[in-house]
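These values consider heavy atoms only, across backbone and side chains, with no hydrogens, waters or symmetry-generated copies.
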Protein chains: 2
Amino acid sequence: MAAGKEAIVETELDPAAIDLGDLERSASFLLRIAQLAAYEAIFAIAPNMPLKLSEQTLLQVIEDNPDARQGAIADVLHIKWSHMTKFVRSMEMRGLVERYVPPNDRRSVLLRLTEEGRAQLREIRPRMRKLDAEAMSMLTAQEHRQLVGLLRKVAGRPPLAEDPPAPARAE
Amino acid sequence: MAAGKEAIVETELDPAAIDLGDLERSASFLLRIAQLAAYEAIFAIAPNMPLKLSEQTLLQVIEDNPDARQGAIADVLHIKWSHMTKFVRSMEMRGLVERYVPPNDRRSVLLRLTEEGRAQLREIRPRMRKLDAEAMSMLTAQEHRQLVGLLRKVAGRPPLAEDPPAPARAE
DNA sequence: TATTGTTATACTCTATAACTATA
DNA sequence: TATAGTTATAGAGTATAACAATA
């Protein structure tokens with residue numbers, strides 16, 4: 001936080017001037033670093049959020065997929081089933097989520113939001129959209145779109161119905 | 001793993017067909033999902049690695065920055081100082097890393113690889129390069145380069161000396 | 001007074017594996 | 001037999017804060 005930019009040219013070991021070597025071009029490494037940087041940016045903008053990011057995400061996905069299986073949601077969010085059990089139960093205990101067993105497959109557990117969960121989400125959704133935009137403010141709109149497309153590819157999500165891969169110049 | 005693609009058109013609640021709503025376009029969310037997917041891909045290709053990815057990364061960075069401060073390395077890798085202490089010590093106990101206090105600033109701790117650490121790295125580096133490439137095999141070479149550039153921007157790393165942002169068409 | 005690192009506690013999430021209930 | 005979920009244990013890493021040594 002200090003203004004120091006003065007006498008640090010002597011040892012070439014000044015902080016933050018770390019050379020990452022091969023890692024400077026490693027997508028998997030940069031994926032991790034960028035993700036951490038993005039989350040830190042979000043927390044810097046909005047400290048003291050009433051719910052954790054993971055909880056806000058879960059609420060969104062449950063509202064958009066009412067009556068989906070707990071395990072199926074865990075899988076898209078890359079949450080381990082053993083942890084999902086505790087996670088969902090803690091949301092249930094706080095009155096945000098309902099769990100119930102459907103009669104046709106009594107092994108499974110389906111999820112729904114409670115009225116309280118829906119109420120919280122109404123405030124959360126716009127805030128989340130804004131935070132994402134602010135955390136990515138170093139990107140132009142086009143770069144943002146590009147990044148989303150590339151990340152979806154890496155994550156194995158289907159392409160969005162926009163920006164066709166190759167206009168093909170036919171016709 | 002089953003071939004089932006038959007009678008699942010009834011409830012529109014078939015697994016994995018989860019709709020992520022807003023999150024489908026959220027860069028910060030996709031950053032997390034893509035990162036997890038990439039790491040899972042790496043572990044799927046190479047289970048039973050002798051060192052953890054975080055440990056392999058640390059060795060690389062120490063070799064590329066001998067005598068760098070422990071805290072400075074923690075900062076680029078987004079490792080908390082309190083954890084870095086334990087992390088480095090465990091590497092030291094395994095004979096891979098050396099810690100020493102320089103006489104000119106006795107608050108700090110500088111890091112170096114041991115001969116054993118260097119030996120391990122000689123095998124690790126090529127394997128890491130290959131794993132990164134394989135985990136990103138869904139991308140073309142150009143997409144990979146693009147992704148690296150965008151991730152560096154998000155992570156706050158300076159641009160690589162290639163692919164100038166705008167050729168400017170001057171001259 | 002600010003910086004560097006250490007220690008300690010609580011908490012989140014993963015890794016593994018065993019286990020139950022249901023299909 | 002396979003699938004969905006639960007439980008338990010160990011470990012990684014974060015969040016926080018207090019602390020010591022040095023600058």
(request) Whole angstrom is fine here: how far is it from CD1 in B/Ile79 over to C1' in C/dG5? (result) 15 Å
(message) Rounding to an integer number of Å, can you tell me how far B/Leu110 CG sits from C/dT4 C1'?
(response) 11 Å
(request) For A/Lys80 and D/dG11, give me the distance from atom NZ to atom P, rounded to whole Å. (result) 19 Å
(message) If I compare all heavy atoms of B/Asp64 with all of A/Gly21, which pair ends up nearest, and what's the gap?
(response) OD2-CA, 3.6 Å
(message) Within the 3.5 Å criterion, strictly below it, is a donor on A/Gln60 or A/Gln56 matched to an acceptor on the partner's side chain?
(response) no
(request) Check every atom of D/dA15, D/dA4, C/dG5 against the side chain of B/Ser82 and return the nucleotide holding the closest atom. (result) D/dA15
(request) Please state how far atom OH in B/Tyr39 lies from atom C1' in D/dG13, giving the value in whole angstrom units. (result) 13 Å
(message) With a 4.5 Å cut-off on side-chain heavy atoms, are A/Leu147 and B/Lys153 touching?
(response) no
(message) Quick check on DNA chain D: between A/Ser108 and A/Phe43, whose nearest nucleotide comes earlier from the 5' end?
(response) A/Ser108
(message) B/Glu63 and salt bridge (charged side-chain N to carboxylate O under 4.0 Å, His left out): which single residue from B/Arg112, B/Arg122, B/Arg125 fits?
(response) B/Arg125
(request) Specify the separation, in whole Å, of atom CH2 of B/Trp81 and atom P of D/dT16. (result) 17 Å
(message) Checking B/Ser90 against B/Arg94: is there a side-chain donor and acceptor pair closer than 3.5 Å?
(response) yes
(request) State, with a plain yes or no, whether a side-chain heavy atom of A/Ile73 is found less than 4.5 Å away from one of A/Met84. (result) yes
(message) Please list, in numerical order, the residues of residues 46-62 of chain A that have a heavy atom closer than 4.0 Å to any atom of DNA chain C.
(response) A/Lys52, A/Ser54
(request) Take A/Leu53 and A/Phe43 through the side chain to side chain contact (heavy atoms under 4.5 Å, CB included) test and state the conclusion after the steps. (result) CA-CA 9 Å; A/Leu53 279 187; A/Phe43 290 127; 4.1 Å; yes
(request) Hey, could you give me each pair passing ring pair (Phe, Tyr, Trp, His ring centres under 6.0 Å) that has a residue in residues 83-118 of chain B? Not counting sequence neighbours. (result) B/His83-B/Phe87
(request) Can you sort out the partners of A/His78 under ring-ring contact (aromatic ring centres under 6.0 Å, His included), two or more places apart, ordered by chain and number? (result) none
(request) Nearest whole angstrom, please: distance from the P of D/dG5 to the OH of A/Tyr100. (result) 12 Å
(request) Send over the distance from A/Asp75 CG to D/dT3 C1', rounded to a whole Å. (result) 12 Å
(message) Please encode protein proximity along nucleotides 18-23 of chain C as a string of B, S and -, counting only heavy-atom distances under 4.0 Å.
(response) ---BBS
(message) Looking only at side-chain N and O atoms, does B/Arg32 offer a donor or acceptor that is under 3.5 Å from a partner on B/Ser28?
(response) no
(request) Please list, by residue number, the residues of residues 83-98 of chain A whose heavy atoms come closer than 4.0 Å to an atom of DNA chain D; answer none if no residue qualifies. (result) A/Thr85, A/Arg89
(request) Apply side-chain hydrogen bond (donor to acceptor under 3.5 Å, both in side chains) to B/Arg118 and list each qualifying residue two or more places apart in sequence or on a separate chain. (result) B/Glu115
(message) Closest-nucleotide mapping onto DNA chain D: is A/Arg32 or A/Arg99 further toward the 5' terminus? I mean the 5' end.
(response) A/Arg99
